[in-house]
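Have a look at the structure below, then the notes.
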Amino acid sequence: MKLSRQFTVFGSAIFCVVIFSLYLMLDRGHFDHPKSPRREGTFPKGQLSILQEKIDHLERLLAENNEIISNIRDSVINLSESVKDGQRNPEAINFSQGSLFELLPSASVLLAVDSEDCLFASKSRSQVSGVQMLDVYDILPFDNPDGGVWKQGFDITYNENEWDSEPLQVFVVPHSHNDPGWLKTFEDYFRDQTQHILNNMVIKLQEDNRRKFMWSEISYLSKWWDGIDSQKKDAVKRLIKDGQFEIVTGGWVMPDEASPHYFALIDQLIEGHQWLERNLGVKPKSGWAVDPFGHSPTMAYLLKRAGFSNMLIQRVHYSVKKHFATQKILEFFWRQNWDLGSSTDILCHMMPFYSYDVPHTCGPDPKICCQFDFKRLPGGRVSCPWRVPPEAIHAGNVQHRAWMILDQYRKKSKLFRTKVLLAPLGDDFRYAESSEWDQQYQNYQKLFDYMNSHPELHVKAQFGTLSDYFEALRKESNLGEKSSNSFFPVLSGDFFTYADRDHHYWSGYFTSRPFYKRLDRVLESYLRAAEIFYSLALVQSSKSDKMSIFPSVDHYKLLTEARRNLGLFQHHDAITGTSKDWVVVDYGTRLFHSLMNLKKVIIDSAHILILKDKDTYNYDASTPFLKMDDVQSSQDSLPHKMVIKLTSQPRYLLIYNPVEQERFSVVSVNVNSPRVKLLSPLGKPVTVQISAVWDGATTVSHEAYQISFLAHLPPLGLGVYQLLEVQSSETDLADYTIYMSGRNNMQVKPDRIFKIKEMQNSVDNIILENSYMKLWFSGMSGLLEKINTKEDSKNRQMKVEFAWYGTTSNRDKSGAYLFLPDGDAKPYIFTDPPTIRVTHGRIFSEVVCFFPHVTHTMRLYKVQGLESQSLEVSNVVDIRGEYNRELAMRISSDINSQNRFYTDLNGYQIQPRLTMSKLPLQANIYPMTTIAYIQDVGVRLTLHSAQSLGVASLKNGFDV
């Protein structure tokens, strides 16, 4: 939700493919036992017959289930055998035996909604989780009283004798947060700052073995490592071995935790960890996430599965931090919602104050803590905003200054359950200059020496790493490295949506720069396909000397580069859309470059796999054996379909299924002739729908024609179809009706191939229909209004609208990070009805509405499988002419969701949400990486998104 991102919308669009899935609840009587037995001891005859029908129904379901399991088992066996012997049929690689039929009628697969379905996390988890974030949000007033020096907290007091029996252990942890792109590009930051930080680190840590330092971003570390000599590399290894230098988290970046898919989160974590293992021989054991804008339990789970024992988080709603501080639960075991035991528990430390900079990490009073950030000494380039500068420590002031900072340490320690304290010492791109290392380390060492030499202070202060702190914490609380006990509470849930002050909720970045969020998801898809293709091709190429020329080494480098570019984009200022425009272009160029390279890997790998006679293999980089059907000319342009030139000789069309499930899916390609014949991998004719390719809303282009058909592919299967031009085609041509207002000057020209009917916008509904549902669209707007599900013959209100959100009149506006609306959304009003183009075809029908700011398409498929039981929605948005306004799609329904809705976290798990009236509108918007749904006892409405977005359920529906 960023105003400046309107510029990036140029030549781009929101590919928001939102799929509505209505899963209807079957009669509970089919499966439920009677709630109470009849007292008479006998059943009437009618009930006996009903019971027999239920038993018969269950037997049929069991038989169908056994058949499905058997088919899956056979497919897995066939697939493993096929990979084992390396044989490939060029016509249908990995295809299961049997005929392939298109457009077969199939039994309904509408799913019943069980009353227990996906409600696991909405229940009280008191038996396994002491703190459930849904409950915390329920009890918090979300007020913001002035807390004194700790504005968002409260006054902290203590008794000076509290540490007499057990001294306070203080670990001051120096660190430097290096964003791999934000205000500068990755390369510029490295050149100007990061390389100097790491160079100074090697020198300054060796000057005193009591000094410690931490690092997290491996993207920077690997670039620096490639440019240093062996002597410096050996020094780094010694510092790590001696415990002076620690790698925390060890991912390629410190990722955002709202927008990334778990595939990409794992990718960047593996890329960093493999680099560390190869070059340094170390494995991180503590997580460090000080800057992501909210925190997801998916990240906690991935760290736990990666062997981590501890983690730290920072950006959490200030009201939650205050509540946790009062309850002394800022340290907890983070447990997954679904975990009924404790196998997912990971010890988590939540930083209590506003920020991770020095003024907000030594204690509750930033005015005091800033005086102990010695980079801000008078004469430097940065100063304390509270206008009280630090003082260099010397014999004349060390006693007073030590008491000042010890007071802050003690007050901060009162928020925790042990006498072990963590005090980070760092900020963005700190320690770039040699002088800062001396200022911080020398002055703090003087403070430590004084405090440690005075037993009456009852404190032991030292530099440390994050793992030093957690080791001391576990020892203090009698925790083993892997075990948990009741000393710390158990928490489940997530920490979205983040607010750092007042009503500044960071829900804007959920949708900032959606074009690049979509490009990220496309690259993930290509990377997965390329890795699978490459692995299979590598096996094949090793079986023949002729195929040894396959460029396996070069392609492996391209795969590695793609993983790293994808990993870099998971950074919390990249996929979030919160970087400067020129930095976004740099990210986009990297993604686009890898996308092109992955296509090359796929093409060259598929070449080997489809050859029947492997001895005919010949690799020529200048003339690729295959071409991809989609073309994208630059990092900020929309992809388009290439036009396949047809002749009487077959053109081969390869279609690949990169997932582990069999798929029936509609495929569309563009050809240069409407006289087309398509043959399946088994050589049988395939039913095809020919649709027009349009220049604008009402003009048909005869440069290309779109053909659509139902493709059937087995798990990880590759199918080879044949396309050829024929004299007389038996394909089905789509019919068109175009609705225009009387004031519209455009005219529809008669077409020599397609039947096109022109009509006036009217109050009569537009209707689309398949064997599963019937849809009613407004004849004036073209937007969906109602759905009839044929299995139960029920009509359901399902209304699609668009709405404008403005921004506040205050100085703070909606932007890349924040969403600050000026109230409820205003209806999207159009003076003239839009042009509406309705397509009716054998494979699909659709309604396309051409509004001034958005082209909205809703498609209904007419094929077997789940595609026909859902609607495909896409919006191409252009708001370049708008200022301080943003567009939302609103879906209203008659589902009684009772303010509850559900969103996914990173495409991995579902998190229940509750729309709360005590929170401002922007606080009720949550991240939707891939899915969101609402439901009642009988029906569920589900949205699947092609890229991460923000979603709210302000009424019985969605704003997205």
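Sequence positions, counted from 1, serve as the residue numbers for this chain.
- The ring pair (Phe, Tyr, Trp, His ring centres under 6.0 Å) test applied to His702 returns Tyr705, not counting sequence neighbours.
- Counting heavy atoms from C-beta on, the side chains of Asn597 and Leu595 never come closer than 4.5 Å.
- Pairs of residues two or more places apart, or lying in two chains, never qualify as salt bridge (Lys or Arg N to Asp or Glu O under 4.0 Å) while including a residue from residues 686-706.
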Take Leu523 and Leu598, measure what side chain to side chain contact (heavy atoms under 4.5 Å, CB included) needs, and give me the verdict at the end. CA-CA 9 Å; Leu523 184 62; Leu598 291 175; 3.4 Å; yes
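- Here CD of Gln632 is found 4.5 Å from OG of Ser637. Values are rounded to the nearest 0.5 Å.
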Stepwise, does the side-chain hydrogen bond (donor to acceptor under 3.5 Å, both in side chains) test hold for Asp904 with Thr930? CA-CA 6 Å; Asp904 75 310; Thr930 63; 2.7 Å; yes
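- Evaluation of the ring pair (Phe, Tyr, Trp, His ring centres under 6.0 Å) rule for His261 yields no partner, not counting sequence neighbours.
- Counting only residues at least two apart or in different chains, ring pair (Phe, Tyr, Trp, His ring centres under 6.0 Å) contacts with residues 566-585 comprise His177-His572, Phe293-His572, Phe569-Tyr587.
- Residues meeting the salt bridge (Lys or Arg N to Asp or Glu O under 4.0 Å) test with Glu785, sequence neighbours left out: none.
- Residues passing the side chain to side chain donor-acceptor pair (under 3.5 Å) test with Ser845, sequence neighbours excluded: Lys862.
- A donor atom on one side chain and an acceptor atom on the other are not found under 3.5 Å apart for Ser741 and Asn761.
- Ile756 is not listed as a side-chain neighbour of Thr737, based on a closest heavy-atom distance of 4.5 Å or more.
- Taking a cutoff of 4.0 Å between a charged side-chain nitrogen and a carboxylate oxygen, Arg590 and Glu187 qualify as a salt bridge.
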Could you walk me through whether Ile836 and Ile766 pass the side chain to side chain contact (heavy atoms under 4.5 Å, CB included) test, one step at a time? CA-CA 10 Å; Ile836 305 168; Ile766 300 166; 3.9 Å; yes
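- For Asp604, the salt bridge (Lys or Arg N to Asp or Glu O under 4.0 Å) partners at least two apart in sequence or on another chain are Lys600.
- Inter-residue side-chain proximity for Asp179 and Val253 is flagged as unmet; no heavy-atom pair is nearer than 4.5 Å.
- Annotation: side chain of Val720 is not in contact with side chain of Gln722 (no heavy-atom distance under 4.5 Å).
- Looking at heavy atoms from C-beta onward, Phe830 lies out of side-chain contact with Asp832 at the 4.5 angstrom threshold.
- Looking at Lys599 and Asp630, their side chains come closer than 4.5 Å, going by heavy atoms from C-beta outward.
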Leu775 vs Leu860, side chain to side chain contact (heavy atoms under 4.5 Å, CB included): CA-CA, chis, key distance, verdict: CA-CA 9 Å; Leu775 314 175; Leu860 179 67; 4.1 Å; yes
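- Note on ring orientation: taking the six-membered ring where Trp is involved, the planes of Trp804 and His853 are perpendicular (angle over 60°, cut-offs 30° and 60°).
- No hydrogens or angles considered: a donor-acceptor pair under 3.5 Å links the side chains of Asn906 and Ser296.
- Between the side chains of Asp520 and Gln570, a donor-acceptor pair is found at a separation under 3.5 Å.
- Not less than 6.0 angstrom separates the ring centroid of Phe819 from the ring centroid of Tyr509.
- The salt bridge (Lys or Arg N to Asp or Glu O under 4.0 Å) check on Arg521 picks up nothing, with sequence neighbours excluded.
- Tyr736 has its ring centre less than 6.0 Å from the ring centre of Trp694.
- Using a 4.5 Å heavy-atom cutoff, the side chains of Ile925 and Val951 are not in contact.
- By the salt bridge (Lys or Arg N to Asp or Glu O under 4.0 Å) test, Glu660 is found to be paired with Arg528, residues two or more places apart in sequence or in another chain being considered.
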Apply side-chain hydrogen bond (donor to acceptor under 3.5 Å, both in side chains) to residues Gln635 and Tyr516 and explain how you reach the verdict. CA-CA 9 Å; Gln635 59 89 21; Tyr516 291 99; 2.7 Å; yes
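- The side-chain contact (heavy atoms from CB on, under 4.5 Å) test with Lys813 singles out one residue from Leu818, Leu820, Thr807, and that residue is Thr807.
- Taking OH from Tyr526 and OG from Ser594, the interatomic distance works out to 13.5 Å, rounded to the nearest 0.5 Å.
- Take Lys826 and apply the side-chain contact (heavy atoms from CB on, under 4.5 Å) test, not counting sequence neighbours, and it matches Asp822.
- Counting non-hydrogen atoms of other residues, nucleotides and ligands closer than 6.0 Å to NZ of Lys641 gives a total above 12.
- Using modelled atom types and a 3.5 Å distance limit, the side chains of Asp586 and Thr185 yield no donor-acceptor pair.
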Dump the intermediate steps for side-chain hydrogen bond (donor to acceptor under 3.5 Å, both in side chains) on Glu725 and Thr647, then the final yes or no. CA-CA 5 Å; Glu725 188 175 32; Thr647 67; over 6 Å; no
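- Ion pairing of Glu531 with Arg563 is present here, as a side-chain N (NZ or NE/NH1/NH2) and a carboxylate O approach within less than 4.0 Å.
- Applying the side-chain contact (heavy atoms from CB on, under 4.5 Å) rule to Ala825 yields the partners Ala803, Tyr805, Arg890; only residues at least two apart in sequence or on another chain are considered.
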Check step by step if side-chain hydrogen bond (donor to acceptor under 3.5 Å, both in side chains) holds for Asp256 and Thr576. CA-CA 7 Å; Asp256 175 48; Thr576 54; 6.0 Å; no
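- To the nearest 0.5 Å, atoms CD1 (Ile603) and NZ (Lys627) are separated by 9.5 Å.
- The line from CZ of Arg859 to OG of Ser874 is 8.0 Å long, rounded to the nearest 0.5 Å.
- Judged by distance alone, the side chain of Gln689 and the main-chain N or O of Ile707 form no donor-acceptor pair under 3.5 Å.
- By the 4.5 Å heavy-atom criterion applied to side chains, Asp732 and Val688 are not counted as neighbours.
- Residues passing the side-chain contact (heavy atoms from CB on, under 4.5 Å) test with Ile266, sequence neighbours excluded: Tyr262, Ile270, Leu302.
- At a threshold of 4.0 Å, the pair Arg564-Glu561 does not count as salt-bridged, since none of the basic side-chain nitrogens sits closer than that to a carboxylate oxygen.
- Rounded to the nearest 0.5 angstrom, Phe592 CZ and Ser633 OG are separated by 6.5 Å.
- Remark: Asp959 CG to Leu949 CG distance equals 12.5 Å, nearest 0.5 Å.
- Screening Phe802, Phe851, Tyr828 for a ring-ring contact (aromatic ring centres under 6.0 Å, His included) with His856, the sole residue that qualifies is Phe802.
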Does the side chain to side chain contact (heavy atoms under 4.5 Å, CB included) test come out yes or no for Phe709 and Val666, once each step is laid out? CA-CA 5 Å; Phe709 60 95; Val666 173; over 6 Å; no
